[in-house]
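Atoms considered below: every heavy atom in the structure, side chains included; atoms not considered: hydrogens, waters and symmetry mates. Per chain, numbering begins at 1; letters A, B, ... match sequence-line order.
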Amino acid sequence: MDAAASLLRELTPEQRQAVTHVTGPLLVLAGAGSGKTLVITRRLAYLVAHGIAAESILAVTFTNKAAREMKERIGRQVPADRLWVSTFHSFAARVLRREIHPLDYPSSFSIYDEADRAAVVAAVARELGIDTDLVPPAAVAAAISRAKNDLVSPREFEDRAVGHFAEQAARIYVRYEHSMKSAGALDFDDLLLKLRELLREHAGVRERWCRRFEYLLVDEYQDTNAIQYELVHLLAAAHRNLCVTGDPDQAIYTWRGADIRNILRFERDFPDARVIKLERNFRSAANILKAADAVIAHNVHRKLKRLYTDAPDGARLLVIGAFSEADEARAAVRLVAEHVAEGGRLRDAAVFFRTNALSRSLERAFLEAAIPYDVVGTVAFFERREIKDVLAYLRLVANPADDLSLLRALNTPPRGIGARTVEHLRSFAMTTGLTLRAVLDRIEDVPGLRPGPRRALLAFRALLVDVAARAAAGPVGDLIAHLIDALDFADHLARQAGPRAEECLENVQELLASAREFERRAGGSDLVSYLEDVALVSQADLYGGTEDRVSLMTIHNAKGLEFDLVVLVACEEGMLPHIRSIQSGADAIEEERRLCYVALTRARRRVCLIHAATRTVAGLLGSPRMPSRFLNEIPPEVLECRSTHRWCDPLPETPAPDAAPAPDARAAVAGPPAPELEPGQLVRHELFGLGRVVRLEGRGRGRKVRVRFHTAGERLLVVEYARLVAVT
DNA sequence: CGGATGGTTCTTTTT
DNA sequence: GAACCATCCG
């Protein structure tokens, strides 16, 4: 029992209670920074240490990354290989692979992401001859998603439809479902819905999984939606060994169907539930906590909760007024540079923003300052065009009914199959009720094809047959490598992507590497599970290498993370709270306030809030901007206000050697030793690609190098930070 | 058919 | 500023 005893070390009495609670319902209301993750991992390890079989435990987290980390942490204390830790969506997909048969789907079903759904909606709208100006596909896609979350079937949707948009959306919804079904495809909402259907209507399946998982834990319960709520209750109904954790003040996903009431009514759902509040904050300096507390206190619809800390006040929160977004970005860079100069590491600093578009000016500024950064999920890796192109072939092989993937692969790279040919194929498919893949097999019967396209189609079919054979024979990595080769993909990218070709090719190489990595991690190379893995990665999953870089991300992506320094940009009316929320009313404003709360409580030591007086939105300079109302909600005594004109120039100097950061931090920032540089030397920069050294300037730590990059133009970089690699 | 060109229209947050 | 489109020409 030594292992079990060590699991209780260094816990507060409340934390200990939560960890040692074994049977029956448990609600852990965990304030920001109160050690929630610690409690969850310790508790799961505690269960295993007390003889509960790991495979009978299911833990649901918000991202796959959180799942992986949690599993790893537990694994350090007890054997955790057989523990199921995953997101709702991954969990659903995993169960459906084994159980979906009664719903008349193939177990190799495709998973369609948001972009795929939009494409299907657009295609369906076109088929139905619907004017996409009056009925925008994006709005229809959103309406369909909302309907699914509210358990509204296409038929019910149709019955309720009032007005042109709703009526047309209803027609599209009906046809969309049909199209998904015949493609053997599920969208994100379907994953949860189909699992719900199975558990409700197929007693055998229900019993199997309810018996299998005797202990359930759901993290971030405040952000579960109605279907997730129902799934949890279906699975826990028999044994009621259900632990949920969360914080209503950190609910930031109501816009996609999450319902805070799920967590608020837990005690009513389970009157005998044990409720444990974790209110002591171990993360933030007291001033930061005071500010966050004061802001969130303005929310009316709220369960009262008080966070406290023994930590010292720390610095005041810095509020900076900038002129423009460029000015703001420079201020952010300067703050990060100062953090490093004071001995901090880049990986302990983060810049948060409300919308993705705001990352651009920041990226430019950090690039210019040659400070390495990581952007979490701007264009998510797996949504890149070249990646989706390659994956389309794999998806098609895994699920030949997947028409969307076929259409994508059909003429990428261009092989002489144009819109007219596609129309012939589609109308033949429509009249015969065949999938496009099946139409290819009967290409001889398709009327109206000219010899050129017909030959191209035959070649395409032969390619698919070849790829399918290889898929059956070898690992996914080999398959991708073969595809890149067989498609002449490098050549294709060079033609299609122009100056970005190299970057695209690198992405494709990265895909190959990730497939190999998957083979290692999963210990197998099953194509279907690889594609599932790919489809369900979240933006946050791809973030967080071991490298020392400053993090740039949306507040939503910051959930669950913590940093010494947090810079929050665009603290303006219209951005935070966002204009759309201002327009949609009080509840939306409260969610924006929770976002602000989440942002503030990520910080351990230092918070800087920046607002700009002007900002270009959609290429246009907007009207003057007001500082965010949330800034006014912070008590002035914990604030320090500045404007950039007294403060921001001159630009940050590289710290002098004697004022240098601690050796370990410096080493981390500097990375590998700089290569010997001289004019004419060919070098590679991680972001700018290949270039040639023009000139060296200065000496010592501040030494700079001017490089003319093939694609990124000429740039002046600090040698120490630029991480140039000499190319011979 | 495919690539290039120029015009138009957006931008909240994401599993 | 970029992503998406419609249109035109080789």
To the nearest angstrom, how far is [X] atom [atom1] from [N] atom [atom2]?
X        : N      : atom1 : atom2 : answer
A:Lys148 : B:dT15 : NZ    : P     : 18 Å
A:Asn557 : B:dT12 : CG    : P     : 17 Å
A:Glu325 : C:dG1  : CD    : P     : 10 Å
A:Arg594 : B:dT12 : CZ    : P     : 19 Å
A:Ile111 : B:dT14 : CD1   : C1'   : 16 Å
A:Ile555 : B:dT14 : CD1   : P     : 11 Å
A:Asn356 : C:dG1  : CG    : P     : 16 Å
A:Gln250 : B:dT13 : CD    : P     : 20 Å

Which nucleotide wins on minimum distance to the side chain of [X], given the candidates [options]?
X        : options                : result
A:Arg360 : B:dT14, B:dT12, C:dA2  : C:dA2
A:Arg420 : C:dA2, B:dC1, B:dT14   : B:dC1
A:Arg580 : B:dT15, B:dT11, B:dT14 : B:dT11

Run the ring pair (Phe, Tyr, Trp, His ring centres under 6.0 Å) test on A:His556 and A:Tyr253 for me, step by step, so that the C-alpha distance in whole Å, both residues' side-chain angles and the decisive distance to 0.1 Å come before the verdict. CA-CA 8 Å; A:His556 283 89; A:Tyr253 282 96; 5.1 Å; yes

May A:His578 be described as stacking on the base of B:dT12, applying a 5.5 Å centroid limit and a 30° limit on plane angle?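 Yes; by the centre-distance and plane-angle rule, A:His578 counts as stacking on B:dT12.
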
Hey, is A:Trp255 stacking on B:dT12? Ring centres under 5.5 Å, planes under 30°.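 Here A:Trp255 fails the 5.5 Å or the 30° condition.
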
[X]: side chain to side chain contact (heavy atoms under 4.5 Å, CB included) partners, not counting sequence neighbours:
X        : answer
A:Ala185 : A:Ser110, A:Tyr112, A:Met180, A:Ala183
A:Ala226 : none
A:Ala535 : A:Ile111
A:Asp488 : A:Asp491

Which whole number of Å gives the distance between the C1' atom of B:dT11 and that of C:dA6?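 22 Å, rounded to whole Å.
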
Any N or O donor-acceptor pair under 3.5 Å from the base of B:dT13 to the side chain of A:Arg354?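 For A:Arg354, whose side chain was compared with the base of B:dT13, there is a donor-acceptor pair (under 3.5 Å).
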
Donor-acceptor under 3.5 Å (A:Asn557 side chain, A:Thr554 main chain):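 No.
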
Can you tell me how far apart [atom1] ([X]) and [atom2] ([Y]) are? Round to the nearest 0.5 Å.
X        : Y        : atom1 : atom2 : value
A:Phe353 : A:Arg360 : CZ    : CZ    : 10.5 Å
A:Asp374 : A:Ser551 : CG    : OG    : 6.0 Å
A:Glu592 : A:Leu576 : CD    : CG    : 6.0 Å

Answer yes or no for A:Arg97 and A:Phe109: cation-pi contact, defined as NZ/CZ to six-membered ring centre under 6.0 Å and angle to ring axis within 45°.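 Yes; both conditions hold, so A:Arg97 lies above the ring face of A:Phe109.
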
Is A:Lys559 positioned over the aromatic face of A:Phe62, cation under 6.0 angstrom from the ring centre and no more than 45 degrees off axis?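 Output yes; distance and angle both within limits.
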
If you look at every strand shown and take non-hydrogen atoms under 4.0 Å, does [X] touch a base, only sugar-phosphate, or nothing?
X        : result
A:Thr421 : sugar-phosphate
A:Glu591 : nothing
A:Phe88  : nothing

What pairs of nitrogen or oxygen atoms, one from the protein and one from nucleotides 4-9 of chain B, lie under 3.5 Å apart?
none

Which residues in residues 409-417 of chain A have a heavy atom closer than 4.0 Å to any atom of DNA chain B?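 The answer is A:Asn411, A:Pro414, A:Arg415, A:Gly416, A:Ile417.
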
If you find the nucleotide of DNA chain B closest to A:Val422 and the one closest to A:His556, which residue's nucleotide is nearer the 5' end?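 Its nearest nucleotide lies further toward 5', so the answer is A:Val422.
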
Taking for each residue the nucleotide of DNA chain B with the nearest heavy atom, is it A:Ser581 or A:Gln228 whose nucleotide lies nearer the 5' end?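 Counting from the 5' end, the first nearest nucleotide belongs to A:Ser581.
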
Any side-chain N or O of A:Ser90 below 4.0 angstrom from OP1/OP2 of B:dT15?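 It does not, given that no N or O in the side chain of A:Ser90 lies less than 4.0 Å from OP1 or OP2 of B:dT15.
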
